[in-house]
Amino acid sequence: MTQQQALPATVDHLIVGAGFAGLGMAIRLAEAGEDDFLVIEKDGGVGGTWRANTYPGAACDVPSQLYSFSFAPNPDWSKSFSPQPEIEAYLRKVAEKSGTLDRFSFDTELTHARWDEADQRWHVTTTRGEVTSKTLISGSGGLSAPKLPDIEGIDTFQGEVFHSARWRHDVDLTGKRVAVIGTGASSIQIVPEIAPDVAHLDVYQRTAPYVMPRNDRRYTRVERLLFKAVPAVRRAYRTGIYLGRELYVPGFVWNPKLMTPAKKIALAHMTKAIDDPELRAKVTPSYEIGCKRILISNTYYPALAADNVDLVTDPIVKVTGDAVVTADGTERPIDVLVVATGFQTTEQPIAEHIHGRGGRALAQVWAERGMASYKGTTTHGFPNLFQLVGANTGLGHSSMVFIIESQIAYVLDALATMKTQQYAAVEPRQQAQDEWNATLQSRMRRTVWSAGGCSSWYLDAHGKNTTLWPRSTISFRRLLARFDAEHYDLQPARRNEGANA
Ligand code: N01
């Protein structure tokens, strides 16, 4: 829909976000004949995190063939690990082909959502007007709100300062003194890209990541032709990658010792690229591999070893008008500061805006118990709220698109059940949700993410892992294969609101 068109006053389904999750949901709803929906997206187009993250070197670290919808295969990926512009273009193309874009409202942000018990609907306020809906489906994602570092004086810095997910392409780094704070997945892609152009680069590392070789290559013409002409080849290739990735699961969730070969490969990769013993010591991680996200790059270590790059491991104590100051008292002057410090994963801002039964905000509920839902998708106290990429649905090893598609199937089955049984609202029982989370957290204790000796964005402020799925993706799909109405409170339509049924 265009910016001039008013939002519809009421829809059956309101989807928040137009990344993989929101777009996939919209397409599958349309295919299921549930045409009365609206997608609101705060950004100006489809793509979600793949539209927002345009920093130099942005690319996927999950193989391309797996990082796409099963229902919209792409034989045209140029490389085994797609660069960001290709993923964004893929999502745009899928959206255009789906014929659903007339129900997308861009530059539209949800500011408040309230479940109304009386009319069994969500009353949603957006930056472009109000909408009521039977269901609220959030695809807002866990990697959308940048986390800014709380460093003394950072607001007094006189040069340019920006987050990796809000890259300032208008700031020319050529010949400048630049600092990058953070050494996570984003930073290790940025550093090798900008290092050759800048006068000097300081990389501030708090915790050393494990970095494995990136087995990336361009697909040959023959391969691309085969992917296009023989879908069975493409499917077999995708399945092979999928199964290969699942081999990581036992090491992550059961016995970290199984990751020893991976650890050896990562350390050998580092030793091969870095000769300086002091730098080697700095980049050698002191925790189990897999505890934090395993990174892949062939260019990060060589970039750190370059003459114009310094890896700084002394903690930052403050930023002044023109420099970063570390605990040893050293002041390193800079012109530009890049904060590659990740995202608000365990305290998602959208939770502050969603108010369920009794007016309680999701953020308030989660502040007490930590982020927790039923099957990572529905939440007690929040009827007809479905969250894609919700609590404990993240992965450390494979494609989130697989998880998203599993959740979409669950939501569609829930909607079909509501329609056939004439339920106006569904809400998971507290007991079902508690049991789900108790089992999940008991499995979590032995995972490398809990027992691996690191802190990471997987854990919340209380050290509880509320972000990752501690089993195989196959089991996730199986557990969400059917909408299990027996674990829900099911509300029929109120008599005087029969039209809602
Ligand atoms: O963020 P991160 P990211 N002072 O949270 C450091 C996905 N992703 O944007 O490790 C100093 O991983 C922090 O240090 P520490 C992927 O899922 C995917 O890089 O907490 N340093 C860390 O080094 C990924 O996991 C792709 O001690 C501070 C860094 O900043 C997720 O996004 C590509 C600090 C943050 O690393 C997030 O990645 C890119 C402070 N105050 C991203 N605060 C793909 O290819 C934080 N740090 C699919």
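Just so we're clear, the structure is a prediction, and the values are computed from it rather than from any experiment. Start at 1 and go down the list; that is how both ligands and their atoms are numbered.
In terms of N/O distances under 3.5 Å, ligand 1 is approached by W457. Ligand 1 has an N or O atom lying under 3.5 Å from an N or O atom of R206, backbone or side chain. On a distance-only criterion, A59 and ligand 1 share at least one N/O pair closer than 3.5 Å. Distances between N or O atoms of P149 and those of ligand 1 include no value under 3.5 Å. Remark: ligand 1 and D150 share no N or O pair separated by less than 3.5 Å (distance only, no angle test). Annotation: Y55 places no N or O atom under 3.5 Å from an N or O atom of ligand 1; distance criterion only. Here's the thing with S164: none of its N/O atoms is less than 3.5 angstrom from an N/O atom of ligand 1. For the pair K147 and ligand 1, the shortest N or O to N or O distance does not fall below 3.5 Å.
Note: F252 and W449 have tilted aromatic rings, judged against thresholds of 30 and 60 degrees for the angle between ring planes.
Remark: the T473 side chain and the Y242 side chain contain an N/O donor-acceptor pair separated by less than 3.5 Å. In the model, Q84 has a side-chain atom that pairs as donor or acceptor with a side-chain atom of E88 under 3.5 Å. Side-chain N/O atoms of S70 and E405 include a donor and acceptor closer than 3.5 Å. Between the side chains of T313 and Q205, not a single donor N or O lies within less than 3.5 Å of an accepting N or O. For T111 and H353, the side-chain atoms include no donor-acceptor pair closer than 3.5 Å. No donor-acceptor contact under 3.5 angstrom links the side chains of S450 and N465, judged on distance only.
Protein heavy atom in closest approach to atom 36 (O) of ligand 1: G184 CA, 3.6 Å. In terms of protein heavy-atom proximity, atom 18 (C) of ligand 1 is nearest to A185 CB, 4.3 Å. Protein heavy atom nearest atom 48 (C) of ligand 1, with residue, atom name and distance: D61 OD1, 3.1 Å. Atom 17 (O) of ligand 1 has its closest protein heavy atom at R293 NH1, 3.3 Å. Scanning the protein for heavy atoms near atom 6 (C) of ligand 1, the closest one is G182 CA, 3.6 Å. Scanning all protein heavy atoms for the shortest distance to atom 32 (O) of ligand 1 gives L143 CD1, 3.5 Å.
Which parts of ligand 1 touch T183 is read off a 4.0 Å heavy-atom cut-off, strictly below it: atoms 22 (C), 23 (O), 29 (C). Near A340, meaning under 4.0 Å from one of its heavy atoms, ligand 1 places the atoms 29 (C), 30 (O), 35 (C). Close contacts between ligand 1 and K292 involve ligand atoms 10 (O), 15 (P), 20 (O) [criterion: under 4.0 Å to a heavy atom]. Atoms of ligand 1 found under 4.0 Å from any heavy atom of T207, numbered from 1 in the order shown, are 10 (O), 15 (P), 27 (O). Per-residue contacts place Q189 under 4.0 angstrom from the following atoms of ligand 1 (heavy atoms of the residue considered): 33 (C), 45 (O). Residue-ligand proximity, I181 to ligand 1, at heavy-atom distances under 4.0 Å covers atoms 4 (N), 11 (C), 21 (N).
R214 and D61 are not joined by a salt bridge, as no carboxylate oxygen comes within less than 4.0 angstrom of a charged side-chain nitrogen. At a threshold of 4.0 Å, the pair E223-R218 does not count as salt-bridged, since none of the basic side-chain nitrogens sits closer than that to a carboxylate oxygen. In this structure, K228 pairs ionically with D76, as a charged nitrogen and a carboxylate oxygen lie closer than 4.0 Å.
Not a single heavy atom of I316 sits under 4.0 Å from any atom of ligand 1.
Nearest residue to atom 19 (O) of ligand 1 from S186, A165, S456, G342 is S186 (criterion: closest heavy atom).
Cation-pi check for R28 over F71 is met; the charged atom lies under 6.0 angstrom from the ring centroid and within 45 degrees of its normal.
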Q. Could you walk me through whether Y219 and W77 pass the ring pair (Phe, Tyr, Trp, His ring centres under 6.0 Å) check?
A. CA-CA 8 Å; Y219 286 130; W77 296 121; 9.1 Å; no
Q | Pair D197-T174, side chain to side chain donor-acceptor pair (under 3.5 Å): steps then yes or no | A | CA-CA 5 Å; D197 298 331; T174 313; 5.4 Å; no
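A 4.5 Å side-chain heavy-atom check between T207 and C454 finds every atom pair outside the cut-off.
When non-hydrogen atoms are compared, ligand 1 lies under 4.0 Å from the side chain of F343 (C-beta onward) but not from its backbone.
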